[in-house]
2 protein chains.
Amino acid sequence: MRDIEVKIAWQGQSNCQSCSIRSSVLFSELNEEDFSKIHAPIDDLHFESGATIYAQGEHGQNLYTLREGFVKLLHLNEDGTERIVRLIKHGDLFGMEALLGSAHESSAIALGRVYLCRLPASMIVTLGEESPRLHRQMMKKWGEALSQSETWFSQMNTGRADLRIARFLLALAKEHEGVIKAPLFKREDMGLMMDIKLETVSRSLASLSEMNMVTDVGRSFVTIPDLEKLKKFCQQGL
Amino acid sequence: MRDIEVKIAWQGQSNCQSCSIRSSVLFSELNEEDFSKIHAPIDDLHFESGATIYAQGEHGQNLYTLREGFVKLLHLNEDGTERIVRLIKHGDLFGMEALLGSAHESSAIALGRVYLCRLPASMIVTLGEESPRLHRQMMKKWGEALSQSETWFSQMNTGRADLRIARFLLALAKEHEGVIKAPLFKREDMGLMMDIKLETVSRSLASLSEMNMVTDVGRSFVTIPDLEKLKKFCQQGL
DNA sequence: CGTTGGTTTGAAAGGACTCAAGAGGGGTGG
DNA sequence: CCACCCCTCTTGAGTCCTTTCAAACCAACG
C-alpha cells in the first residue's frame, strides 16, 4: 500500500477546456454544451517509473489519457510468457476496456515518469450516447488504438532483430534541439516489444552503431545522424 | 475485372431481424424501432478462396460481418514485408476503418469460400449516433477487435515455432462430429500469421505429429486427440 | 568504496532460414 | 480414364542468426 502511495500523486482536477493537449485527445470536438454535461471529476495524476496504472484482469472504472511520458501495455499469457502489446505515447487514450465493463487485457505500467488524466468510464459512456461529437471521437480513438496495435505488431515483429530495432527507432524518432533522437527503454522491455532477448537488443544496437546508423547509444536515448539512411536500411536490409 | 466477377456473387439482401447469427453480431441488441431506421441495403455476399474483399489503402464505404469461413487481414509494410495481423472468424465484424473515413490498414482476403454481409458505413454511423444500443454494441465490437488483435499477437508471436503452432491450434480447435479438429491454412499463410517460414510450419506440424499432439495432419485440418495434453504442452513447452 | 541494477561482450549450442529436390493431389486435356 | 502439369507440401543439408549461460563492466547511490 505504501508502495503505491509514493508512486502515484494526485495533481489536482483537470480543466479540460483549457488543456494544452486538448486538440489531440478525446474531447477535441466537444462544444460548450457537451462540457456542461461533464460532472464527474477528471483527475490529473502522476506516476513514478515502474508503477502499475492498472493490472491485467482488473475491472477498471476509468480510462486514461497520457499527457507526458510512455506507458507499456504488458500482456501476460496463460503459459507465463509476457509480451508488450502496445506502447502508449503522448496523447493516446488507453484502458478503454473499462467502457465495455470487461477486464483489462493487459497491465499498464509507467516507463519512466508519467503524467496522465483519469476519466471515469461511466461519464464517457453516457456522454457518448448523448453527444454525436463524442461518439465520433470515441470511434476514432478505438480505431487509432487498433491501427496502432496492428501496425506496431506488423512492423516490430517481422524480420531480423537489427531491422526490428531500426524500425522501432524510426517509429519513435523525433527532433529534439536540432538533432534527431529516439528514446530507448530498458533492454528487457525493448525485447518484450519485439520478441527478442535483451542481449540481442544490446548487440543489435551495437551493430547499428558500428554501421553509423545511430550514434551515442545510451541508456535512454540514441541520436540518429541520418534519418534517410536509416529508412533505407529498414527497407532494403543491406 | 472479369476476375472479380467470378470470385464474388451477390446472394440477395439480408433480413437482419431473422438472421441466424444475429445474436453474435452488431445488431444483436437492436429493437424494432432501431430496425425501422435501417433503410440502406445490406447485401449478402459470397467470395471464392483468395478473393480480395477490400484492399489496403482503399477508402472503403462498407463494413462486413463474416457469416461463414475465414478471412485474413494482410498488412503490407513499407519495406515490402507482409504480415497477417488478424484472422477474422465467424461472427466477427471487420473493415471498421470505413466508419472513420480512413483508409483500410490492411487487405481483407478470403481464406477458402466465404459468406458475409456488407453494411454501408454511413448507415452505421448515423444509427450509432441515434441509438444508444447500437452505440454500445459498436464500442463492444471495437473492443473485441482490439483485444483479439492483441491476444493473437501476444500468443502467436512468442517463443519457439512449435509452441506458436500449438497455441494456434488450441485457439482454433473445435469439436466436429465427436472429434476435436483445428483448421489449417496454406503453410505460407500460417507462416505469415506467426512470422515463421512455411518450411518451419511444416516441420513443426510434423514434430507435433510425432509427439502425438496431433494426428491426421492434412492440407486443411488436423485432429487433436487430447486437448489437455496439447494445453500442457503449450504451457510447459516440455 | 562496496553494493546494486542494468548493460555489454564472449563462446558455444540450438533453432530457424535458405536453397534445393522430391512427393502428393487436384484439375485439365487428350 | 489416364497422363500430365501445376501448385502445394514435405524433407534434407548447410548456413546464419538468436539464445543461453557466464563474466565483466558501468553508473548511480548509500
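Being a predicted model, the structure only gives us computed values, none of them experimental. Residue numbers begin at 1 in each chain, while the letters A, B, ... track the order of the sequences.
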### Message
If I take atom CD1 in residue Ile165(A) and atom P in nucleotide dT7(C), what distance separates them, rounded to the nearest angstrom?
### Response
12 Å

### Query
Side chain of Thr151(B), backbone of Ser147(B): donor and acceptor closer than 3.5 Å?
yes

### Task
State whether the side chain of Arg167(A) and the backbone N or O of Gln155(A) hold a donor-acceptor pair below 3.5 Å, judged by distance alone.
yes

#### Entry: Aromatic ring pairing Tyr54(A)/His104(A), orientation class (parallel under 30°, perpendicular over 60°, tilted between)
parallel

Run the side-chain donor-acceptor check on residues 196-212 of chain B: report pairs under 3.5 Å with partners two or more places apart or on a different chain.
from: Ser204(B); atom 1: OG; to: Thr200(B); atom 2: O; distance (Å): 2.9
from: Ser207(B); atom 1: OG; to: Ser204(B); atom 2: O; distance (Å): 3.4

### Message
Under a 3.5 Å cutoff, is there a donor and acceptor pairing between the side chains of Ser154(B) and Asn77(A)?
### Response
yes

## Note on the structure
From CG of Leu111(A) across to P of dG6(C) the rounded distance in Å is 13 Å

#### Entry: Nucleotides bounding contact with chain B, strand DNA chain D, heavy-atom threshold 4.0 Å
dT8(D) to dA13(D)

What protein N or O atoms touch nucleotides 15-19 of chain C N or O atoms at under 3.5 angstrom, if any, and at what distances?
from: dA16(C); atom 1: OP1; to: Ala161(B); atom 2: N; distance (Å): 2.7
from: dC17(C); atom 1: OP2; to: Lys197(B); atom 2: N; distance (Å): 3.2
from: dC17(C); atom 1: OP2; to: Thr200(B); atom 2: OG1; distance (Å): 2.6
from: dT18(C); atom 1: O4; to: Arg203(B); atom 2: NH2; distance (Å): 3.0
from: dC19(C); atom 1: N4; to: Glu199(B); atom 2: OE2; distance (Å): 3.3

### Message
Do Arg83(A) and Asn157(A) pair up side chain to side chain, a donor and an acceptor below 3.5 Å, judged on atom types alone?
### Response
yes

#### Entry: Atom of His75(A), atom of Val85(A) and distance for their closest heavy-atom approach
CB-CG1, 3.8 Å

### Message
Is it true that Thr215(A) and Thr223(A) share a donor-acceptor pair across their side chains at a distance under 3.5 Å?
### Response
yes

### Task
Could you state the atom-to-atom distance from CZ of Arg219(B) to C1' of dG25(C) in whole Å?
6 Å

